[in-house]
Amino acid sequence: MYPHERSLVKTMEGKPFALLGINSDQSREQLKKVIEDEKMTWRSWFDGPGTRGPIASKWNVRGWPTLYVIDHEGVIRHRWLGSPGAAVMDRAIEELVRAAEAGKK
Amino acid sequence: MNRFIGGALLLLLARPALAGEKGEPRTAAQQYQALVKEFSDAQQAWIKTYQAAKTNEERRKLLSSQPRPDKFVPKFLELAQKHPKEPAAVDALVWVASYSSGGPDSPHGKAMAMLMADHIQSAKIGPVVSVLGQQRPTPQTEKFLRAVLEKNPHRDVQGLACLALAQALKSSARGDQAVVKEAEQLFERAEKKYGDVKAGFLGTVGKVAAGELFELRFLSVGKTAPDIEGTDQDGVKFKLSDYRGKVVLLDFWGHW
């Protein structure tokens with residue numbers, strides 16, 4: 001998970017893309033440690049302690065990881081319960097990033 | 001990190017054990033209690049061993065020896081098949097249906113068929129109904145839940161069936177809008193009519209239904225995402241809408 005996300009963020013540098021996490025670990029300290037240990041270069045909201053935080057509850061999340069892809073206009077375009085695999089994710093995101101870049105012209 | 005909040009699989013059915021007199025043939029109820037105790041004892045013993053483990057390596061090794069329901073499922077089913085008219089038969093079938101899954105020819109399927117034929121109106125089938133709502137639905141599941149919703153006279157069981165059927169339809173819809181619509185209507189009915197019915201550790205039927213309705217209405221593909229507000233790892237406030245204009249991959253995650 002972390003290696004793919006690290007490479008995705010790197011590939012998308014300078015493009016209209018952001019990876020944002022919603023973390024449900026036990027403490028902000030624990031979150032910071034994981035970010036450091038796993039060299040995570042993206043931001044996460046801290047929604048803990050645990051899995052019943054306000055964001056995960058509002059979004060009715062019952063399984064981890066749950067992934068959403070939102071396009072540049074704020075519309076939900078994909079929802080995955082569990083990772084669908086790097087290839088599927090990359091393809092979906094690349095298509096939407098191209099659309100975002102075209103939209104800006 | 002793969003964790004899915006399951007249903008009854010996380011619950012230990014705690015029932016007091018009834019001791020039979022030594023030498024006397026045990027009743028179906030006593031046999032049922034004995035099986036429940038045997039499984040519970042095995043789990044408790046394993047938990048003790050696990051907690052006493054000193055290293056992650058030891059703990060990892062122990063995971064493969066965790067007592068699983070699989071060994072007990074055929075014993076409970078056999079008990080129900082031998083004593084179909086006894087109250088303990090329903091308990092045994094509920095145990096099998098809650099602790100296993102599978103197609104029509106599996107022990108799970110056979111238990112479901114017996115529950116469907118003889119015990120649709122029982123007050124005891126609530127746990128089965130809840131578990132079915134959390135599992136991948138089968139045609140057998142849907143048929144069963146519809147029958148319970150229609151025929152079971154107990155309000156709490158009806159409420160759980162209404163919710164479970166809505167969940168089953170929602171997860172099997174595959175974009176079929178007619179199915180999604182029915183799921184939505186059932187969630188609404190669950191919320192309005194059975195809101196206060198207890199739904200295990202998830203709270204109440206009303207709470208679960210409200211969450212599912214929110215997801216159906218606001219979080220499906222094609223909807224505009226609601227905003228998210230919160231603080232990051234350094235305590236800095238930020239919102240999802242700060243990133244409008246960019247493609248966003250939202251990742252609900254944990255390291256555990």
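We use all heavy atoms of the structure for the numbers below, so side chains are in, but hydrogens, waters and symmetry mates are not. Naming convention: chains lettered A, B, ... in sequence-line order (proteins, then strands); numbering from 1 in each chain.
In terms of heavy-atom proximity, A/Lys58 sits nearest to B/Asp227 at NZ-O, 3.9 Å. Nearest heavy atom pair, residue B/Gln233 against residue A/Ile35, reads CD-CD1, 3.4 Å. B/Tyr243 and A/Ala18 make their closest contact through CD2-CB, 3.6 Å (heavy atoms, listed as atom of the first residue, atom of the second, distance). Closest approach of A/Trp45 to B/Glu229, counting heavy atoms only: NE1-C, 4.0 Å. Considering all non-hydrogen atoms of both residues, A/Pro65 and B/Asp251 come closest at CB-OD1, 3.9 Å. Taking every heavy atom of both residues into account, A/Pro16 and B/Gly245 meet most closely at CB-O, 3.7 Å.
Per-residue counts of heavy-atom pairs under 4.5 Å with chain B were compared for A/Gly21, A/Ser44, A/Ser24; the largest is that of A/Ser44. Contact count versus chain B (heavy atoms, under 4.5 Å) is highest, among A/Gln30, A/Lys32, A/Met89, A/Arg43, for A/Arg43. With chain A as the partner, the residue from B/Gly235, B/Pro226, B/Ala210 showing the most heavy-atom pairs under 4.5 Å is B/Pro226.
Atom OG1 of A/Thr51 and atom CZ of B/Phe252 lie 12.5 Å apart (nearest 0.5 Å). For the atom pair A/Met40 CE and B/His255 NE2, the distance stands at 9.5 Å (nearest 0.5 Å). Taken to the nearest 0.5 Å, the CH2 atom of A/Trp59 stands 5.5 Å off from the CG atom of B/Leu250. Here CD1 of A/Ile70 is found 5.0 Å from CG of B/Leu240. Values are rounded to the nearest 0.5 Å. For the atom pair B/Leu249 CG and A/Leu20 CG, the distance stands at 8.5 Å (nearest 0.5 Å). How far CG of A/Asn23 is from CH2 of B/Trp256: 7.5 Å, rounded to the nearest 0.5 Å.
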Quiz item: What's the verdict on side chain to side chain contact (heavy atoms under 4.5 Å, CB included) for B/Trp253 and A/Asp25, showing C-alpha distance, side-chain angles and the deciding distance?
Solution: CA-CA 8 Å; B/Trp253 70 284; A/Asp25 279 309; 4.3 Å; yes

Practice problem: Verify salt bridge (charged side-chain N to carboxylate O under 4.0 Å, His left out) between A/Arg79 and B/Glu215, making sure each step is shown before the conclusion. | Solution: CA-CA 11 Å; A/Arg79 180 178 177 268; B/Glu215 189 191 303; 3.3 Å; yes

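Neither the backbone nor the side chain of A/Met12 comes within contact range of chain B; no heavy atoms are under 4.5 Å apart. Within the 4.5 angstrom heavy-atom criterion, only side-chain atoms of A/Glu38, from C-beta onward, approach chain B. For A/Asp71, the part sitting under 4.5 Å from any heavy atom of chain B is the backbone (N, CA, C, O) and nothing else. For A/Glu5, the part lying near chain B is the side chain, with the backbone staying farther off; criterion is any non-hydrogen pair under 4.5 Å. Contacts of B/Ser241 with chain A are absent, with no heavy-atom separation under 4.5 Å from either backbone or side chain. The parts of B/Glu212 that come within reach of chain A are both its backbone and its side chain, each placing non-hydrogen atoms under 4.5 angstrom from that chain. Both the backbone and the side chain of B/Phe238 have a heavy atom closer than 4.5 Å to some heavy atom of chain A. For A/Val34, the part lying near chain B is the side chain, with the backbone staying farther off; criterion is any non-hydrogen pair under 4.5 Å. Only the backbone of B/Lys239 has a heavy atom closer than 4.5 Å to any heavy atom of chain A.
Counting non-hydrogen atoms of other residues, nucleotides and ligands closer than 6.0 Å to NZ of B/Lys124 gives a total above 12.
Side-chain contact check for A/Glu73 versus B/Thr224: every heavy-atom pair is 4.5 Å or farther apart.
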